[in-house]
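Written below as structure tokens is the structure these notes are about.
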Amino acid sequence: MARVEDAVAVLRRGGLVAFPTETVYGLGCDAENVDALRRLYSVKGRPRDHPVIVHVELPDALAEWSSDVSPAARALADACWPGPLTLVVPRRDRVPDEVTGGRDTVGLRVPDQPLALALLHEFGGGLAAPSANRFGRVSPTTADDVRADLGDDVDLVLDGGPCDVGLESTIVDCSGDEPAILRLGGVPVERIEAILGTSLAQRTDGEVAAPGTLSAHYAPAAQVVVADAGATAARAASLLASGSRVGVLATAPVPPKLPAGVVVLEPPADVDDYAHVLYARLREADERSLDVVIAVPPPPAGVGAAICDRLARAARGSAR
Ligand code: TXA
Ligand code: MG
């Protein structure tokens, strides 16, 4: 199995290393190596103006990568790092344009995953890493997902088992006068607002502010339909009648009176488990050649809000 030392050697010569984080697997390269960054973008199939997050080992690195750390950024870093939170802050000159898509801000985060932290420690620098999937596809939550999606285009995959959280980090823009949420994710908005003692604007549909929030993101090949538990059986019946292969994803207990022929994807036990398994279930839907997945969303509080966001995007994306 690939070891941290091998991964560091690959990074030092400008290669690409997929590594686990608590949210999803990242596809990493040296954040200060422009050639490596160009290859990263081409492997991802990602437009060059879409910024990537720089992963760092210690919260203190905030000031090493940002030219202006606001009190809000400091408070959030102190309270949430390591953890599933990305802070967008004014960048220092060491951050290449290839990382920021030419912006004057950079996204930073300290991941809460032992292998990721060991890798960052041994490497000693920052790792630019988007999620380790091709552009627009479902994010990987296991090393096998990464290999299935990227194949030989990634030089080395560190296997840390399934990701704990299963959804990407929450992104907070701390570069302006008022902090704002750019992407819902692993840290609930309620927690961020409690830390800052104020409510925050959500600019989660700003395709310019955070291109990773494009509506077509997070979509499997199967069409995703979001429905209440009470509407699921009737919806499934009409889809089956039109000849579709239909799956249902819902927290246990699954909706009653589902018609025969519906594939019940293994239900998450609770809302945290829903986040944990969501992307795996969407991938499974494709592996099982389902045409449609009817997803019953959790209540939109805490991490449930991020799940609802991803389901809505998957539903919009797959309706293209
Ligand atoms: O949980 C995560 O954040 C994972 C793991 C690997 O850390 N990474 C991830 O990266 O989800 P990616 O590239 O799939 O999404 C990064 C998001 C994009 O929406 C991007 O637009 C936004 O972060 N972002 C990065 N830097 C930014 C900046 N300077 N300004 C605005 N948005 C930024
Ligand atoms: Mg992504």
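Both Leu115 and Val8 are assigned to one and the same hydrophobic cluster, defined by single-linkage of ILVMFWY side chains at heavy-atom distances under 4.5 Å. Side-chain heavy atoms closer than 4.5 Å link hydrophobic residues (I, L, V, M, F, W, Y) into clusters, and following such links, even through other members, never connects Trp65 to Ile171. No continuous path of ILVMFWY side-chain contacts below 4.5 Å connects Phe135 to Val52, so the two sit in separate hydrophobic clusters. The same ILVMFWY cluster, assembled from side-chain heavy atoms under 4.5 Å apart, contains both Val95 and Leu62. Transitive grouping of hydrophobic side chains (ILVMFWY, heavy atoms separated by less than 4.5 Å) keeps Val146 and Tyr279 in distinct clusters.
Using a 4.0 Å cut-off between charged nitrogen and carboxylate oxygen, Glu98 and Arg38 count as a salt-bridge pair. A salt bridge is absent between Arg283 and Glu287; no separation between the charged side-chain nitrogens and carboxylate oxygens falls under 4.0 Å. A salt bridge does not link Asp35 to Arg13: none of the charged side-chain nitrogens sits closer than 4.0 Å to a carboxylate oxygen.
Lys44 NZ to His50 NE2: the interatomic distance, rounded to the nearest 0.5 Å, is 10.5 Å. Note: His276 NE2 to Asp164 CG = 7.0 Å, rounded to the nearest 0.5 Å. Between the CZ atom of Arg235 and the CD1 atom of Ile294 there is a distance of 7.0 Å, given to the nearest 0.5 Å. Atoms CG and CG, from Asp144 and Asp149 in turn, are 12.5 Å apart once rounded to the nearest 0.5 Å. Remark: Phe123 CZ to Leu11 CG distance equals 5.0 Å, nearest 0.5 Å. Atom CG of Leu278 sits about 9.0 Å away from atom CZ of Arg310, to the nearest 0.5 Å.
Partners of Asp273 according to the salt bridge (Lys or Arg N to Asp or Glu O under 4.0 Å) rule, which considers only residues two or more places apart in sequence or in another chain, do not exist here. Taking Asp291 as the reference, nothing meets the salt bridge (Lys or Arg N to Asp or Glu O under 4.0 Å) condition, with sequence neighbours excluded. Residues satisfying the side-chain contact (heavy atoms from CB on, under 4.5 Å) criterion with Asp6, sequence neighbours excluded, are Arg3, Leu156. Remark: Pro255 pairs with Ala229, Thr232, Val248, Ala250, Leu258, Val296 by the side-chain contact (heavy atoms from CB on, under 4.5 Å) rule, at least two apart or across chains. Looking at residues two or more places apart in sequence or on another chain, you find a salt bridge (Lys or Arg N to Asp or Glu O under 4.0 Å) between Asp153 and Arg134. Contacts of Asp286 classified as side-chain contact (heavy atoms from CB on, under 4.5 Å), with partners at least two apart in sequence or in another chain: Pro220, Ala221, Ala222. For Arg48, there are no salt bridge (Lys or Arg N to Asp or Glu O under 4.0 Å) partners two or more places apart in sequence or in a different chain. With sequence neighbours left out, the side-chain contact (heavy atoms from CB on, under 4.5 Å) criterion links Thr198 to Leu196, Leu200.
By the 4.5 Å heavy-atom criterion applied to side chains, Pro299 and Val271 are not counted as neighbours. In this structure, the side chains of Cys29 and Arg39 stay at 4.5 Å or more apart for every pair of heavy atoms. Taking 4.5 Å as the limit, some side-chain heavy atom of Val89 sits within range of a side-chain heavy atom of Leu108.
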Run Ser139 and Glu168 through side-chain contact (heavy atoms from CB on, under 4.5 Å) and show every step you take. CA-CA 8 Å; Ser139 299; Glu168 295 82 354; 2.5 Å; yes
Evaluate the side-chain contact (heavy atoms from CB on, under 4.5 Å) criterion for residues Leu117 and Val110: first the C-alpha distance (whole Å), next the side-chain angles of each, then the deciding distance (0.1 Å), finally the verdict. CA-CA 8 Å; Leu117 290 171; Val110 180; 4.0 Å; yes
Kindly indicate, with the supporting measurements, whether the criterion side-chain contact (heavy atoms from CB on, under 4.5 Å) is fulfilled by Arg94 and Val54. CA-CA 12 Å; Arg94 71 187 283 188; Val54 175; over 6 Å; no
Verdict with reasoning, Ile307 to Leu311, per side-chain contact (heavy atoms from CB on, under 4.5 Å): CA-CA 6 Å; Ile307 299 169; Leu311 287 173; 4.0 Å; yes
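Counting only residues at least two apart or in different chains, salt bridge (Lys or Arg N to Asp or Glu O under 4.0 Å) contacts with residues 14-24 comprise Glu22-Arg109. Judged as a salt bridge (Lys or Arg N to Asp or Glu O under 4.0 Å), not a single pair has a partner in residues 189-200 (not counting sequence neighbours). Counting only residues at least two apart or in different chains, ring pair (Phe, Tyr, Trp, His ring centres under 6.0 Å) contacts with residues 7-46 comprise Phe19-His55.
Between Ala269 and Thr251, the closest heavy-atom pair is O-CG2, 3.6 Å. Annotation for Leu16 and Ala36: closest pair CD2-O, 4.0 Å, computed over non-hydrogen atoms. Closest heavy-atom contact between Ala31 and Val99: O-CG2, 3.5 Å. Heavy atoms only, all atoms of each residue included: Pro297 and Ala227 are closest at CD-O, 3.4 Å. Nearest heavy atoms, Asn33 versus Gly14: ND2-CA, 3.7 Å. Taking both residues in full, the closest heavy atoms of Asp155 and Val10 are given as CB-CG1, 3.7 Å, listed atom of the first, atom of the second, then distance.
In this structure, the side chain of Asp49 does not engage the main chain of Gly101 through any donor-acceptor pair within 3.5 Å. Judged by distance alone, the side chain of Arg281 and the main-chain N or O of Glu266 form a donor-acceptor pair under 3.5 Å.
Looking only at atom types and distance, the side chain of Ser131 has a donor-acceptor partner in the side chain of Asn133 under 3.5 Å away. Ser169 and Thr23 share no donor-acceptor pair across their side chains, judged by distance under 3.5 Å alone.
The environment of Asp270 atom CG is dense: over 12 non-hydrogen atoms of other residues, nucleotides or ligands sit within 6.0 angstrom. Dense packing is recorded around CD of Glu5, with more than 12 heavy atoms of other residues, nucleotides or ligands lying under 6.0 Å away. Residue Arg147 qualifies as enclosed at atom CZ: its count of foreign heavy atoms under 6.0 Å is above 12.
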Contacts table for residues 76-85: side-chain donor-acceptor under 3.5 angstrom, sequence neighbours left out:
{"unit_1": "Asp78", "atom_1": "OD1", "unit_2": "Arg74", "atom_2": "NH2", "d": "3.4"}
{"unit_1": "Trp81", "atom_1": "NE1", "unit_2": "Leu85", "atom_2": "O", "d": "2.8"}

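Partner of Thr170 under the side chain to side chain contact (heavy atoms under 4.5 Å, CB included) criterion, chosen from Val303, Leu87, Ile192, Leu184: Ile192. When Leu290, Val225, Leu239 are each tested for a side chain to side chain contact (heavy atoms under 4.5 Å, CB included) with Val246, only one passes: Leu239.
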